[in-house]
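Taking it in order: structure first as structure tokens, then the write-up.
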Amino acid sequence: MSSFFQNFRKIPTISVFYVLVMIIALSFTVASYMHYNTLTSNLNTQIKNLENIYVEYKLPKEDVLNSSDYERLQRDYNSQTLWVIGQYLVFLVILGFGTYQVKASLDREMNLARQQKNFMLSITHELKSPIAGIKLAMETMLSRELDAPKRKLLSSNALKDSIRLHDLVNNILMAAKIEDESFEFKASRQNLSSLTSEIAKKLQETTQANRAFTFDIKDKVFIEADRMAITSIVTNLIENAIKYTENGDAVIIRLREEANKVRLSIIDTGVGVAEHEKQNIFQKFYRVGDEEVRKTKGTGLGLFIVKQLVERHKGTIGVGDNQPKGSIFTVVFPVAQLDKTDSSGAVMMG
Ligand code: ADP
């Protein structure tokens, strides 16, 4: 008996829901059909009664068909039949709409549950591996006499791991602040050209991949922005370009200024983003594919943060395809307006 209930509980909710919808639709179809049958048989009985009256009065039975009573009966029958059909159709439309709404909300719930599960799996992994790396490096340095180059290698690996941890914690905190709107943006005039190059160079030193960059950066491009937010945007985009390009090709960093707009593009030759995923990847916790089979590390927070920060700077972000492969992430900001920057540079942004 208990195994029956266990098996019963394994039936997916959506299947139970569809069965219920089918039962409701079937019941209403049967009820409407029966109603229609009753109307038809009532009409036939009333016509029969009318014919009997004609027979009683010795009138020709066929004259019933031309009588006003017959016309009235037929009219009533038609309007009642139309009412039954109308009711049935309205019911079907409401049931269809309701089913669609419930299915959409179930899908949303399931997506959120899947993303949270992915997030928990990835965050555990993301925390565990740099901590294990740092622990191992420290233990090795403490327990053995090492020569200088070995000590340097272990220290620099431990440093890279701690930077990874630091970035991860920063991203989590930033996402939490964005969520409860407690992040205070302090806008000031930023030289995006030098800031982008600085970030890329720092990432070049600290990422394990040691990736080459092609700089195509226009000099002295200024925007009005929060320095920490811009650092987070550029860091996340470049880190992704490195992470999702296994083949080692150079990542192109392009900065242009055109018609009051600043356009920053991070171009890679990596795995690219499928057309149907282009909207999804900016959602919180969203990662393409399944955590259990995925090779790359991550939390699905990076692009969510980037999009939120870009939008708070009145900018836009989009992703396109690179040729022959890879992706192009492009952020467009309005150009800094000199007169709006005060001497302290502290302007609050919404
Ligand atoms: P994470 O990198 O931690 O998974 P992100 O929010 O930064 O989270 O990215 C979301 C998803 O978008 C990634 O899981 C990845 O599938 C896809 N993605 C992001 N950047 C790139 C890129 N440069 N090339 C290909 N796919 C990317």
Side-chain angles (χ1 to χ4, degrees), residues 111-112 114-130 161 163-179 196 199-200 203-204 206-209 211-214 229-254 264-311 316-331:
N111 248 343
L112 199 69
R114 184 177 69 91
Q115 284 167 16
Q116 276 171 350
K117 182 179 157 226
N118 273 353
F119 176 68
M120 286 315 289
L121 281 171
S122 61
I123 197 120
T124 316
H125 178 81
E126 285 285 275
L127 286 172
K128 263 170 90 176
S129 66
D161 276 336
I163 290 170
R164 214 172 112 193
L165 268 180
H166 176 259
D167 287 349
L168 173 69
V169 172
N170 259 359
N171 263 359
I172 295 173
L173 286 179
M174 186 78 91
K177 280 181 175 176
I178 287 171
E179 283 283 274
T196 307
I199 295 170
L203 282 173
Q204 209 162 19
T206 54
T207 50
Q208 316 274 4
R211 193 62 54 87
F213 292 118
T214 303
I230 295 300
T231 307
S232 172
I233 293 170
V234 179
T235 307
N236 272 304
L237 290 178
I238 298 180
E239 272 180 345
N240 276 352
I242 296 171
K243 193 159 68 175
Y244 297 106
T245 311
E246 266 185 56
N247 55 14
D249 282 350
V251 171
I252 302 174
I253 301 170
R254 179 170 295 154
L264 172 70
S265 302
I266 311 292
I267 305 163
D268 66 56
T269 53
V271 292
V273 182
E275 207 50 49
H276 67 281
E277 296 284 12
K278 284 188 173 135
Q279 285 303 313
N280 301 334
I281 55 174
F282 296 101
Q283 289 168 22
K284 192 168 60 164
F285 303 145
Y286 194 89
R287 305 198 71 211
V288 175
D290 201 303
E291 202 56 41
E292 274 138 293
V293 293
R294 205 191 326 267
K295 281 187 265 157
T296 53
K297 299 160 194 153
T299 56
L301 281 177
L303 289 180
F304 165 73
I305 292 171
V306 169
K307 188 169 184 342
Q308 299 296 318
L309 294 179
V310 166
E311 284 173 358
T316 56
I317 178 159
V319 55
D321 298 326
N322 189 18
Q323 292 305 333
K325 66 193 188 78
S327 43
I328 305 178
F329 282 82
T330 303
V331 180

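Atoms considered below: every heavy atom in the structure, side chains included; atoms not considered: hydrogens, waters and symmetry mates. Just follow the structure's listing: the first ligand is 1, and inside any ligand the first atom is 1. Keep in mind the model is a prediction, meaning the values are calculated, not measured. Along the sequence shown, the residues carry numbers beginning at 1.
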Practice problem: Please identify which atoms of ligand 1 are closer than 4.0 Å to at least one heavy atom of Gly302. | Solution: 5 (P), 6 (O), 7 (O)

Practice problem: Between Tyr244, Phe304, Phe285, Phe282, flag the one that comes closest to atom 2 (O) of ligand 1 by a heavy atom. | Solution: Tyr244

Self-check item: Chi angles and distances behind the side chain to side chain contact (heavy atoms under 4.5 Å, CB included) call for Gln308, Glu179
Solution: CA-CA 10 Å; Gln308 299 296 318; Glu179 283 283 274; over 6 Å; no

Practice problem: Kindly indicate whether the side chain of Val273, heavy atoms from C-beta on, has any atom under 4.5 Å from the side chain of Phe329. | Solution: yes

Quiz item: Can you list the steps and then say if Ile172 with Thr299 is a side chain to side chain contact (heavy atoms under 4.5 Å, CB included)?
Solution: CA-CA 9 Å; Ile172 295 173; Thr299 56; 5.5 Å; no

Quiz prompt | Summary of side chain to side chain donor-acceptor pair (under 3.5 Å) pairs that have at least one residue in residues 166-177, sequence neighbours excluded | solution = Asn171-Asn236

Self-check item: Atoms of ligand 1 close to Val273 [distance to a heavy atom under 4.0 angstrom, numbered from 1]
Solution: 25 (C), 26 (N), 27 (C)

Exercise. Determine whether any heavy atom of Asp268 lies closer than 4.0 Å to an atom of ligand 1.
Key: yes

Practice problem: Assess Gly270 for proximity to ligand 1: is some non-hydrogen atom of it under 4.0 Å away? | Solution: no

Quiz item: Which ligand 1 atoms are under 4.0 Å away from a heavy-atom of Phe329?
Solution: 20 (N), 21 (C), 22 (C), 23 (N)

Practice problem: Mark up the atoms of ligand 1 that fall under 4.0 Å of a heavy atom belonging to Tyr286, in ascending order. | Solution: 10 (C), 11 (C)

Self-check item: Proximal atoms of ligand 1 relative to Lys243 (non-hydrogen, under 4.0 Å)
Solution: 1 (P), 2 (O), 3 (O)

Exercise. Under 4.0 Å, heavy atoms only, figure out whether ligand 1 is touched by the backbone of Val271, its side chain, both or neither.
Key: side chain

Exercise. Report the C-alpha separation of Lys284 and Leu112 in whole Å, then their side-chain angles, then the decisive distance to 0.1 Å, and conclude whether the side chain to side chain contact (heavy atoms under 4.5 Å, CB included) test is met.
Key: CA-CA 9 Å; Lys284 192 168 60 164; Leu112 199 69; over 6 Å; no

Exercise. Evaluate the criterion side chain to side chain contact (heavy atoms under 4.5 Å, CB included) for residue pair Thr330 and Arg254; output intermediate values, then yes/no.
Key: CA-CA 9 Å; Thr330 303; Arg254 179 170 295 154; over 6 Å; no

Quiz item: Side chain of Asp268, backbone of Ser327: donor and acceptor closer than 3.5 Å?
Solution: yes

